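Worksheet for the structure shown next.
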Number of protein chains: 2
Amino acid sequence: MGASKTEHFSEKQKTIATLAKALGHPARVSIIDYLLTVDYCICGDIVNELPLAQPTVSQHLKELKNAGLISGNIEGTAICYYIDDKAIDKLKNYFTEIASKLEQKKTIIEATNNNIRNK
Amino acid sequence: MGASKTEHFSEKQKTIATLAKALGHPARVSIIDYLLTVDYCICGDIVNELPLAQPTVSQHLKELKNAGLISGNIEGTAICYYIDDKAIDKLKNYFTEIASKLEQKKTIIEATNNNIRNK
DNA sequence: TTTATATATTGCAATAATACGATAGATATC
DNA sequence: GATATCTATCGTATTATTGCAATATATAAA
């Protein structure tokens, strides 16, 4: 084998997996963290910020871009990268939803246990 | 090269990357989604649920377990897997934090633009 | 037009991930 | 104990990812 059997899963599952995969490397998490600290883009600074060679950073940026987590504007010779709010929101909403479902489950289990105790 | 240069990044960045990576495959997202729908564990059902062979599912479960996203209890011959709340909370908090920082940034930019317009 | 600067692409090597058949281990049932 | 059931591990083939040197591309400055 080798290739993923992605065709069998729902669109939502594939979207979350794609976004999560893009953040599945500390260098790319680090890029996102860095983009949050700067007021204005500056792509070249990311290369200075990371302990990686320029082509490697460029590749990581490409993956983040392909996943939809960042976008870039050309400004002269430089390129201004910024985080895509919508992608972050998708992830935020997904995990918030899971957390709330887990919380709900916990409540049901506790209620059931109380019910058993009171019999 | 090949191996990741993970040693240069912060613990938090590595933690998020590890959790995100574990969800970087639709089969594993699908497993999490499935665990949310059932009241009680049942590992064998996951194999029936997914379009993958039993060893492949077992491997995906192992990765989710190694990343700390799920845990398992042995119940006779079966194994009862469940989602770890703390891991989900880490992800939820991380993306909530990013979303709020982005929102804050947007507000600052708008305020600046208004300031410029009013001069 | 030449030169400098910034980013992307290519090509390659090393490692990791994905998938599954075959098989092992562990517990229940007969 | 023999058998059935459930899950994990091993071995292996295929593909993907990571990383960088070298090079290409594209714009700005001289």
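Just so it is clear, the structure is predicted and the values come from calculations on it, not from any experiment. Chain letters run A, B, ... following the sequence lines, proteins first, then strands; residues in each count from 1.
Taking only side-chain atoms of B/Leu52, from C-beta outward, the nucleotide of D/dA16, C/dC20, C/dA16 with the closest atom is C/dC20. Taking only side-chain atoms of A/Ala53, from C-beta outward, the nucleotide of D/dC20, C/dA17, D/dT9 with the closest atom is D/dC20.
A single hydrophobic cluster is not seen to contain both B/Ile98 and B/Ile108; linkage of ILVMFWY side chains at heavy-atom distances under 4.5 Å, directly or through other members, places them apart. Linking ILVMFWY side-chain heavy atoms closer than 4.5 Å, directly or via other members, places A/Val29 and A/Tyr34 in a single hydrophobic cluster.
Of the possible donor and acceptor atoms, one in the side chain of A/Lys105 sits under 3.5 Å from a partner among the backbone N and O of B/Val38.
Spacing between atom NZ of A/Lys62 and atom P of D/dT17 amounts to 12 Å, rounded to whole angstrom units. As rounded to whole Å, 11 Å separates atom P of D/dT9 from atom CG of B/Leu61. What separates NZ of A/Lys21 from P of C/dA16 is a distance of 16 Å, to the nearest Å. With rounding to whole Å, B/His25 atom NE2 is found 15 Å from D/dT15 atom P. We find that CZ of B/Phe9 is positioned 12 Å from C1' of D/dG19, with the value rounded to whole Å. Distance CD (B/Gln59) to P (C/dT23): 19 Å, rounded to an integer number of Å.
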Hey, can you pull the donor-acceptor pairs under 3.5 Å for the side chains in residues 43-65 of chain A, sequence neighbours left out?
from, atom 1, to, atom 2, distance (Å)
A/His60, ND1, A/Arg28, NH1, 2.9
A/Glu63, OE1, A/Arg28, NH1, 3.2

Using a 3.5 Å cut-off and no angle test, enumerate the donor-acceptor pairs between side-chain atoms of residues 74-81 of chain A and protein atoms at least two apart in sequence or in another chain.
from, atom 1, to, atom 2, distance (Å)
A/Glu75, OE1, A/Tyr40, OH, 3.0
A/Glu75, OE2, A/Tyr40, OH, 3.1

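For A/Asp89, the salt bridge (Lys or Arg N to Asp or Glu O under 4.0 Å) criterion is met by no residue, not counting sequence neighbours. A search for ring-ring contact (aromatic ring centres under 6.0 Å, His included) contacts involving B/Tyr94 returns nothing, not counting sequence neighbours.
Using a 4.0 Å cutoff on non-hydrogen atoms, the parts of residues 64-76 of chain B near DNA chain C are B/Gly76, ordered by number.
Contact annotation: A/His60 side-chain N/O to D/dG19 OP1/OP2 distance is under 4.0 Å.
Under the side-chain hydrogen bond (donor to acceptor under 3.5 Å, both in side chains) test applied with A/Asp33, the options B/Lys12, B/Gln13, B/Lys101 reduce to a single match, B/Gln13.
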Under-3.5 Å N/O pairs linking protein and nucleotides 4-7 of chain D:
from, atom 1, to, atom 2, distance (Å)
D/dT7, OP1, B/Gly44, N, 3.2
D/dT7, OP1, B/Ile79, N, 3.2
D/dT7, OP2, B/Gly44, N, 3.0

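Using a 4.5 Å heavy-atom cutoff, the side chains of A/Leu91 and B/Leu91 are not in contact.
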